[in-house]
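Step one of this worksheet: look at the structure below.
All ligand and atom numbering here is 1-based and tracks the order in the structure. Counting begins at 1 with the first residue of the sequence.
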Amino acid sequence: MMNTIGAAIIGCGAIAPLHARAIDAMEGARLVAVVDIDPVQAAQSAEDYGCEGLTDYRQLLERKDIAVVHLCTPHHLHAEMAVELLKAGKHVLTEKPMALDVPSALEMQAAAEAAEGQLGVVFQNRYNEPSVQIKAIIESGSLGKLLCMKGLVTWTRDADYYTGSSWRGRWATEGGGVLINQTIHTLDLLHWFGGGIASVKGSVTTDVLDEVIEVEDSAHACINFSNGVRGLFYGTNAYQTNSPVELELVFEQGTLQQRRDSLYLWQDGQETLLCGPQGSSTGGKAYWGTGHSRLIQDFYAHIREGCRFWIDGTEGIKTLELIAAIYRSSVSRKPVLQGSTPLASHGFSHLH
Ligand SMILES: NC(=O)c1ccc[n+]([C@@H]2O[C@H](COP(=O)([O-])OP(=O)(O)OC[C@H]3O[C@@H](n4cnc5c(N)ncnc54)[C@H](O)[C@@H]3O)[C@@H](O)[C@H]2O)c1
């Protein structure tokens with residue numbers, strides 16, 4: 001019989017139910033405790049999931065019956081919590097972004113390297129069927145070489161979304177706006193598809209919520225990958241609806257387009273549907289994608305088998321570096337070269 005892995009979730013807000021349901025649906029895993037600094041939230045979630053409710057995550061550190069901890073807290077808390085938990089021997093699965101900025105992410109990475117536990121980052125869109133197929137087509141070379149690609153995210157977040165939150169919209173707690181919170185998944189996909197980055201030129205702006213938030217609500221980037229591929233990116237929270245993310249990848253022998261969560265191949269004057277949208281098994285908003293349960297299952301499978309989970313600190317840091325480069329370039333109005341020190345700390349909030 002399979003040993004049961006005990007789990008805890010810290011932060012019982014919007015995203016926590018997806019984690020709780022994914023743990024519940026997994027054979028050999030049990031949600032032992034939920035933690036929230038708000039006692040009402042902790043008690044309510046404990047009742048909902050039939051587990052213990054705690055208000056201080058440090059109560060998890062000595063618990064022998066909890067091996068995996070899911071971080072579903074605001075961005076500025078990920079690093080501190082992950083470092084403490086990794087030092088205490090826990091496996092940590094953190095929601096995106098891995099941390100508020102690159103230096104904090106590097107601290108997490110160092111703690112993970114020194115620890116027995118694993119550190120995983122929730123980039124669940126890598127598990128979407130279109131993403132899996134795109135990556136396989138790039139790697140197999142079945143459409144020839146990848147030439148260029150674009151990613152477009154046009155979503156809406158109104159003033160209430162920010163004023164109703166204690167941490168969103170501020171540099172100190174969210175670490176940025178649309179780039180680090182909403183479009184980080186698309187930037188992660190572009191990075192995953194394109195590989196190493198040579199240079200990034202980008203800009204950020206607050207088109208609509210200038211009076212409400214410190215951070216940007218819109219951004220663009222021109223990403224030059226080391227293999228010669230150029231990736232164009234535009235993301236905004238200033239649209240008036242949440243449109244499906246659009247991706248296009250142009251290859252020597254055909255073009256892939258992701259529209260409405262379906263993947264199409266355009267080749268020789270004909271369009272073919274490669275895969276359609278998939279239902280969500282864990283609920284949640286459509287624009288969060290359906291990959292949470294698959295990613296969480298895969299994280300636990302890696303723990304069980306004792307092999308390193310593939311979306312680890314290294315992967316989390318790459319995307320944070322890309323975001324830092326866009327902020328930096330927005331200030332300098334120059335391309336930011338990969339490997340140059342500014343990628344480590346964009347200092348955007350201080351430069352404004
Ligand atoms: N992967 C995705 O698609 C996706 C979607 C939504 C949110 N997220 C991420 O999930 C994380 C949480 O976002 P959310 O929308 O659920 O936020 P939220 O504000 O709804 O919930 C955060 C919860 O953390 C609790 N909290 C704050 N400080 C705490 C502390 N010190 N100890 C314990 N609990 C504390 C709050 O009381 C709140 O209940 C963020 O990193 C966010 O970017 C990811």
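- Among the candidates Val92, Leu71, Ile311, the single residue satisfying the side chain to side chain contact (heavy atoms under 4.5 Å, CB included) test with Leu119 is Val92.
- Not a single heavy atom of Phe123 sits less than 4.0 Å from an atom of ligand 1.
- Note: Phe299 and His91 have perpendicular aromatic rings, judged against thresholds of 30 and 60 degrees for the angle between ring planes.
- In His78, the part holding a heavy atom less than 4.0 Å from any atom of ligand 1 is the side chain.
- By the criterion of a heavy-atom distance under 4.0 Å, both the backbone and the side chain of Ala14 are placed next to ligand 1.
- Not one N or O of Pro97 is nearer than 3.5 Å to an N or O of ligand 1, by distance alone.
- For Ser165, the closest heavy-atom approach to ligand 1 does not fall below 4.0 Å.
- If you check the side chains of Glu248 and Thr255, you find no donor sitting under 3.5 Å from an acceptor.
- The distance from ligand 1 to the heavy atoms of Gln124 drops below 4.0 Å at these ligand atoms: 1 (N), 2 (C), 3 (O).
- His302 and Phe309 have perpendicular rings, their planes meeting at more than 60° on a 0 to 90° scale where under 30° would count as parallel.
- Shown in contact with His292 at under 4.0 Å from a heavy atom are these atoms of ligand 1, numbered in order with element: 1 (N), 2 (C), 3 (O).
- Looking at Tyr57 against ligand 1, nothing comes within 4.0 Å, counting heavy atoms.
- The closest approach between a heavy atom of Pro74 and any atom of ligand 1 is below 4.0 Å.
- Contacts of Met81 with ligand 1, taken as heavy-atom pairs under 4.0 Å, involve the side chain alone.
- Closest to atom 28 (N) of ligand 1 by heavy atom, among Thr73, Leu77, Asn125, is Leu77.
- Considering backbone and side-chain atoms together, Trp167 places an N or O closer than 3.5 Å to an N or O of ligand 1.
- No donor-acceptor contact under 3.5 angstrom links the side chains of Ser131 and Asn125, judged on distance only.
- Of all the heavy atoms of Leu71, none lies under 4.0 Å from any atom of ligand 1, so neither backbone nor side chain is involved.
- In Asn181, the part holding a heavy atom less than 4.0 Å from any atom of ligand 1 is the side chain.
- The part of Ile10 lying near ligand 1 is the side chain, judged by heavy-atom distances below 4.0 Å.
- Scanning all heavy atoms of the two residues, the minimum distance from Arg304 to Gly28 falls at NH2-O, 2.7 Å.
- A donor-acceptor contact closer than 3.5 angstrom is absent between the side chains of Tyr327 and Asp101.
- Those atoms of ligand 1 with a heavy atom of Cys12 less than 4.0 angstrom away are 23 (C), 39 (O).
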